[in-house]
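By convention here, the first residue in the shown sequence is residue 1. Note that this is a predicted model, so its numbers are computed, not measured.
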Amino acid sequence: MTSEITLYDSRTRQKQPLRPDAAGRVGMYVCGPTVYDRAHIGNARPAVVFDVLFRLLRHELGAGRVTYVRNFTDVDDKINARAAESRGPGESLEAAVRRITDETIGWYHEDMGALGTMRPDHEPRCTEYIPQMIAMAERLIAAGHAYAAEGHVLFEVASYAGYGGLSRRSLDEMEAGARVEVAPYKRNPMDFVLWKPSTPEQPGWDSPWGRGRPGWHIECSAMAKALLGDRFQIHAGGIDLQFPHHENERAQSCCANATEEMADIWMHNGYLMVEGEKMSKSLGNFFTVKDLRDRGIPGEVMRMVLLSTQYRQPLDWTGKRVAEAEAALRRWRGLCAGVAPAAAVPAAVRAALADDINTPKAIAALHALAGQGDAAGLRAGAELLGLLTDALGGWEAAAEADADVAAGIDRLLAARAAARKARDFARADAIRDGLAAAGVEVKDTPQGAEWQLGPDFDAARLAGLEAAG
């Protein structure tokens, strides 16, 4: 790597350097969606955050040295319930499940594409790895970490001394705080399902324990092993997955693969709220990505908002943040119009992202570059965050006049910055006075000049100022 990347490990509760494997490669597994409905804006946060990490790793290591896996959970009781509700005349439940999962995966690709996320190297569907899941369950039974009972296979939590090491909870705390299924075939209430029986109508596969389907946790363990190996560098997802999903993944993978750890670094993004409240359909503040797109919020603006808070912290989605992100992106796109990105990403942007994906600090560096009039550097830095890309452009044309105004102001401020650098203070002051006369309020900050249109803004006067040079 051209510079060290440090990431916060949820297990050790501290930042640690990212170490590629002996071949200089990094494997990253991110838990993907259960595909039965549209992705809401909270679902989009890990997709966008870990897309930035993917871009950074490709930039530092080279595209061929990074393997990014994000799965689709396409076998689940929620999917079965949705399929049962929507199945057509003569349609089997299995056929309805396939129809729903295919359609939902298409929606997910559409929505995440609108947010500018790159496709992972692998997007496995759980149903494609059933033999690997059965084989993992068999290894766990053979090693004394799992047992079969009444058509089920369960992981015996008490057999793994490291259980609770990721979430740092005792078994008593976990049992009290978790919704565990109490069943007579369990040796301990905390034992979790690796395999369970299916009814004749439900999706199912033949196994040594009868026709059935996998439990949720073993799905990711089997796919990660198949695509990244017994141990890899990064495992990531939302904080809601830390327990029980990631705790259970870690336990069964370490026991099945005889490794000390499943992943070197565990990463978790924080929750998303809306206007200070938990997102909820009952509160009327539950939004899918498509809902927001239909309301006219561009995908690039959503992406900027999702990156405006450091990923480990809770993010509050507000109308004010959306407006600020849109205004900043309009200014930046105006400044960068027709400008190719610089050959190198500005050091301040790279350093911010290499420090545990500190996107707010990286965005502050972009504001500084805009204030300095460095359009080429701004574009290079923004593209590492997946912003100002050609693929996400075009939305600003809906308000072309506003974009032209923003571009004109940014060009004048860039000329003012150049004049100050050349110690031509008379010209710098003349530009500022001209902007003030046109109703543009300018404020100098340590990050560069910021501006807003005052109530007496005069577009004709601004155009004359720019024409006068």
Side-chain angles (χ1 to χ4, degrees), residues 1-20 26-32 41-63 65-70 112 115-118 120-121 232-242 246 263-272 300 302-317 321 325 328 345-369 380-389:
M1 290 182 288
T2 56
S3 62
E4 184 172 79
I5 295 173
T6 59
L7 301 170
Y8 183 86
D9 177 23
S10 298
R11 185 182 66 83
T12 61
R13 304 295 195 271
Q14 61 186 12
K15 292 181 187 179
Q16 64 183 55
L18 173 65
R19 302 298 187 204
V26 166
M28 177 170 72
Y29 188 96
V30 177
C31 287
I41 192 63
N43 301 142
R45 192 180 190 194
V48 169
V49 164
F50 298 117
D51 176 71
V52 173
L53 177 56
F54 184 38
R55 290 170 184 268
L56 176 66
L57 293 173
R58 287 166 59 95
H59 180 269
E60 297 293 306
L61 297 169
R65 293 182 178 274
V66 184
T67 303
Y68 176 18
V69 180
R70 185 182 64 213
M112 296 309 109
L115 299 180
T117 66
M118 300 173 65
D121 298 294
F232 49 94
Q233 285 66 48
I234 300 167
H235 196 314
I239 188 63
D240 57 309
L241 298 179
Q242 186 180 57
H246 287 170
D264 297 342
I265 298 174
W266 291 84
M267 300 178 70
H268 295 94
N269 64 273
Y271 291 106
L272 184 141
E300 185 173 40
M302 291 186 233
R303 185 182 183 95
M304 179 89 151
V305 174
L306 291 170
L307 297 177
S308 64
T309 297
Q310 209 276 342
Y311 78 92
R312 288 190 285 116
Q313 304 304 316
L315 168 64
D316 192 11
W317 180 281
R321 281 181 183 268
V345 173
V349 176
R350 287 176 63 245
L353 296 182
D355 181 15
D356 195 30
I357 321 300
N358 192 332
T359 53
K361 190 172 182 180
I363 289 171
L366 297 179
H367 280 296
L369 291 164
E383 287 187 352
L384 191 55
L385 278 82
L387 300 168
L388 302 190
T389 63

Please determine whether side-chain contact (heavy atoms from CB on, under 4.5 Å) holds for the pair V69 and D121, giving the CA-CA distance in whole Å, both sets of side-chain angles, and the decisive distance to 0.1 Å.
CA-CA 6 Å; V69 180; D121 298 294; over 6 Å; no

Let me see the working for V305 and I41 under side-chain contact (heavy atoms from CB on, under 4.5 Å), right down to the final yes or no.
CA-CA 11 Å; V305 174; I41 192 63; over 6 Å; no

Could you check Y68 against L53 for side-chain contact (heavy atoms from CB on, under 4.5 Å), going step by step and ending with a plain yes or no?
CA-CA 10 Å; Y68 176 18; L53 177 56; over 6 Å; no

Walk me through whether Y311 and M267 qualify under side-chain contact (heavy atoms from CB on, under 4.5 Å).
CA-CA 10 Å; Y311 78 92; M267 300 178 70; 3.2 Å; yes

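In this structure, the separation between CZ on R65 and OG1 on T67 is 11.0 Å, given to the nearest 0.5 Å. If you take NE2 on H59 and CZ on R350, they are separated by 6.0 Å, rounding to the nearest 0.5 Å. Between atom CG of residue L307 and atom CE of residue M302 there is a gap of 13.0 Å, rounded to the nearest 0.5 Å. Here the straight-line distance linking atom OG1 of T6 with atom OH of Y8 works out to 12.5 Å at 0.5 Å rounding.
Two residues are said to be in side-chain contact when any heavy atoms from C-beta on lie closer than 4.5 Å; P120 and V30 fail this criterion. I234 is listed as a side-chain neighbour of L57, based on a closest heavy-atom distance under 4.5 Å. Within the 4.5 Å cutoff, the side chain of L306 has heavy atoms near those of the W317 side chain. Side-chain contact between R19 and E4: present, with at least one pair of heavy atoms (C-beta onward) separated by less than 4.5 Å. At least one side-chain heavy atom of K15 sits less than 4.5 Å from a side-chain heavy atom of D355. Using a 4.5 Å heavy-atom cutoff, the side chains of S308 and R321 are in contact.
Residues T359 and T309 share a closest heavy-atom pair of OG1-O, 3.8 Å. Summarising the geometry of V349 relative to A365, their closest heavy-atom pair is CG2-CB, 3.9 Å, with the distance given to 0.1 Å. Here the closest non-hydrogen pair linking R303 and L387 is CD-CD2, 3.9 Å. Across every non-hydrogen atom of H235 and C31, the tightest pair is CE1-SG, 3.6 Å. The minimum heavy-atom distance linking V52 with I357 is given by the pair CG1-CG2, 4.0 Å. A382 and L366 make their closest contact through N-CD2, 3.5 Å (heavy atoms, listed as atom of the first residue, atom of the second, distance).
In this structure, the side chain of E300 engages the main chain of L388 through a donor-acceptor pair within 3.5 Å. Although no hydrogens or angles enter the test, the distance criterion places a donor-acceptor pair under 3.5 Å between the side chain of Q233 and the main chain of G27. Between the side chain of R55 and the backbone N or O of L385, no donor-acceptor pair lies under 3.5 Å.
The salt bridge (charged side-chain N to carboxylate O under 4.0 Å, His left out) contacts involving residues 305-315 comprise R312-D356, where partners must be two or more places apart or lie in separate chains.
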